[in-house]
Each structure stands twice: as C-alpha cells, then as structure tokens.
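Worksheet for the structure shown next.
Numbers here simply count residues along the sequence, with the first being 1. In each ligand, atom 1 is the first atom listed, and ligand 1 is the first ligand listed.
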Amino acid sequence: MSQPTATVALESTVISHGLPYPDNLALARAMESVVRAGGAEPRTIGILGGELIAGLSNAQIEYLATAPNVRKVSRRDLPIVAARKLDGATTVATTMWIAHRHGIQVFATGGIGGVHRGDGTDISADLPELAQTPVIVVCAGAKAILDLPATLEYLETHGVTVVGYGTDEFPAFYSRGSGLPVDVRCDQAAEVAALWQVKRALGLPGGLLVTVPVPPEAEIPAGVIEPAIARAVAEAEAQGLRSAQVTPFLLGRLAELTGAASVRCNVALLKNNARAAAAIALALQAET
Ligand code: PSU
Ligand code: MN
C-alpha cells in the first residue's frame, strides 16, 4: 500500500478530554507543526456532524478544543455518532480505524489505553484495535494508571509486536521505563519501516506499537507520579466510575494532583512522538 505523501494521523480525544484548554489547542497545533517540520503531512482525525474526518481544519480543531461535552468516541460509539450526526473526539481505537480507511499507516499519540488496575475486565478498545487494524501507533507507552504487565500480556496474546524506539524497556508515559521489556528495539525509523513491511508481506493482521520514552528533561520520576496514581485510582473506585468515564477521570485527577509538571511532560512527549512518527512515515515512503 503506497501513499503519495508521507502522512501522520493525530487523534482528537487528547484534544477534547486529555488536556485542559488552552494547552490542548496549543498542543494540537504544535503536533501538526512538528509533523510538517519532519517532512510529513499531519491529519488530525475527528467526527463532526456524524462525518468521519481525516484532516480537520484549524477552525474544526479549535471547535473540538473548546466545545463542552464533545463525546469521546470509541469503536462501539461509531454507529451512534454517525447515525445521529453528532460531534465526537476519536480515541486511539477509532483514530486507527479511520486512518486505515483513508490509507494512512502511521499515527502519533500520547499514551494508549490498556487493561485497568483493579478491574481487569476494563480493557480499552485500543488493544483489540491494535490486534486487527493495520496502523503503526507511535506512543510513549501506557500510563501507570493501567496494569502494564496485563496490558503487555494482552498485546502478546493477540499478536501485537511492541517496539522500543531507542529503548529496551516499555515506557510508562510519565516515566521513561517500567522495568518491563519490549519485544524488539529499533534505533532508526528505517528499522521500524522494515519491520512493518515484513509484517504486512507475511500477511499478519493488525498494527505495530512503537513506544518512545518521554525526553529525559520532561520525565516525572516514578516515585513522584506513583502516589498520585494510587490516589486517583482509589478515588475512581470509590466513586464507582465505569467504562469510558474512568480514563478521563484519572487523567484529570493526575493533572490536578501533579500540577503543571504533568501537563509539561504530556506536551513534551506528544511532540516527541509526532517527530518520531514523521520520521517513520518518511522511511516507509522511501521503502515503497
Ligand atoms: N491515555 C493517555 N491520554 C489520553 C488517552 C489515554 O495518556 O488522552 C485517551 C486516548 O484517546 C485513548 C483513550 O485511546 O484515552 C482510552 O480510553 P479508554 O481507556 O476508555 O479506552
Ligand atoms: Mn475502559
């Protein structure tokens, strides 16, 4: 599958639900700029009036960054928002799905969803999407609000290769490491592109998870973030939160509990991932 331009998909749940305004809007614009500076074309994905859009305009991004109550759209919500012509912010799962339908093979995000701590039945739709939709997802691993060993077990069971981009350890979003190994380390974008081409040529379904550690200067050490996570997870349980409410609640509480440091870290890793994704998209284009 070749594409005329090296293209990188970007998600919109991080805009509507992942970061507070105005950081979210600044970040959405910055990620597009970083992708362009890397020589690729950014396509921010979202849903407006029921239409699945790969390549939101500046005004549309601003709308999703400021409108109250934009629905967080996971795969199960797609028919609802499309049929009822609603607006929606796309998660990793739905961004992958829409990207694939537009022939986009590379997608940069912050952290993926996974298996939740405590409630092992709360498994993000991001994981089965990675198992079935052929898109390279570039992220900083998964937040330690999740059960990281269980998340990696799921990915293994479902045949999703986990790449460490310049690392041997699965990154834990705020922290560069988790103590858990990745399946393979790639130090160059071309190595990732080669893995991807081989996976496709073998007829293996699903995506590739490329994990990039947060830049060292923006890292929040595990000892600092862990107590805040434990507290946020306990609060979510005490409030009986379920399903799609859990992740936005935990992200919001962490931002409150750790202050500006978490937002700074989040922004730094998102830009870093956009840079890596652009390099991978270019390498892919060079191979096809
Ligand atoms: N993790 C983050 N930041 C985010 C998300 C996850 O560190 O913004 C968002 C992504 O859009 C992801 C979604 O796809 O949350 C996962 O939600 P859930 O756990 O409900 O599947
Ligand atoms: Mn969930």
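Heavy-atom contacts of Phe173 reach the following atoms of ligand 1: 7 (O) (cutoff under 4.0 Å). When each atom of ligand 1 is checked for a heavy atom of Thr91 under 4.0 Å away, the hits are 11 (O), 14 (O). Heavy-atom proximity to Lys143, at under 4.0 Å, picks out these atoms of ligand 1: 2 (C), 3 (N), 7 (O).
Evaluated for a side chain to side chain donor-acceptor pair (under 3.5 Å) with Trp196, the options Glu287, Glu191, Gln105 yield exactly one hit, Gln105. Considering Thr94, Leu78, Asp87 as possible partners of Ile47, the one that fulfils the side chain to side chain contact (heavy atoms under 4.5 Å, CB included) test is Leu78.
Among Lys72, Glu11, Glu129, the residue whose heavy atom sits closest to atom 17 (O) of ligand 1 is Lys72. Considering each of Cys139, Gly111, Gly113, the one bringing a non-hydrogen atom nearest atom 5 (C) of ligand 1 is Gly111. Of the candidates Val115, Asp126, Thr95, Asp126 brings a heavy atom nearest to atom 14 (O) of ligand 1.
The protein heavy atom nearest to atom 15 (O) of ligand 1 is Thr247 CG2, 3.6 Å. What sits closest to atom 9 (C) of ligand 1 on the protein, heavy atoms only, is Thr13 CG2, 4.0 Å.
Residue contacts with ligand 1, taken as heavy atom pairs separated by less than 4.0 Å, involve His116 solely via side-chain atoms from C-beta onward.
Under the 4.0 Å criterion applied to side-chain N and carboxylate O atoms, Arg264 and Glu217 are not assigned as salt-bridge partners. The pair Glu256-Arg253 counts as a salt bridge, with a side-chain nitrogen and a carboxylate oxygen less than 4.0 angstrom apart.
Under the 4.5 Å side-chain contact rule for hydrophobic residues, Val182 and Val115 share a cluster. Residue Ile15 is grouped with residue Leu27 when hydrophobic side chains (ILVMFWY) are merged at heavy-atom distances under 4.5 angstrom, including chains of intermediate members.
The N, O or S atom of Asp122 with the smallest distance to the Mn ion (ligand 2) is OD1.
Considering backbone and side-chain atoms together, Ala93 places no N or O closer than 3.5 Å to any N or O of ligand 1.
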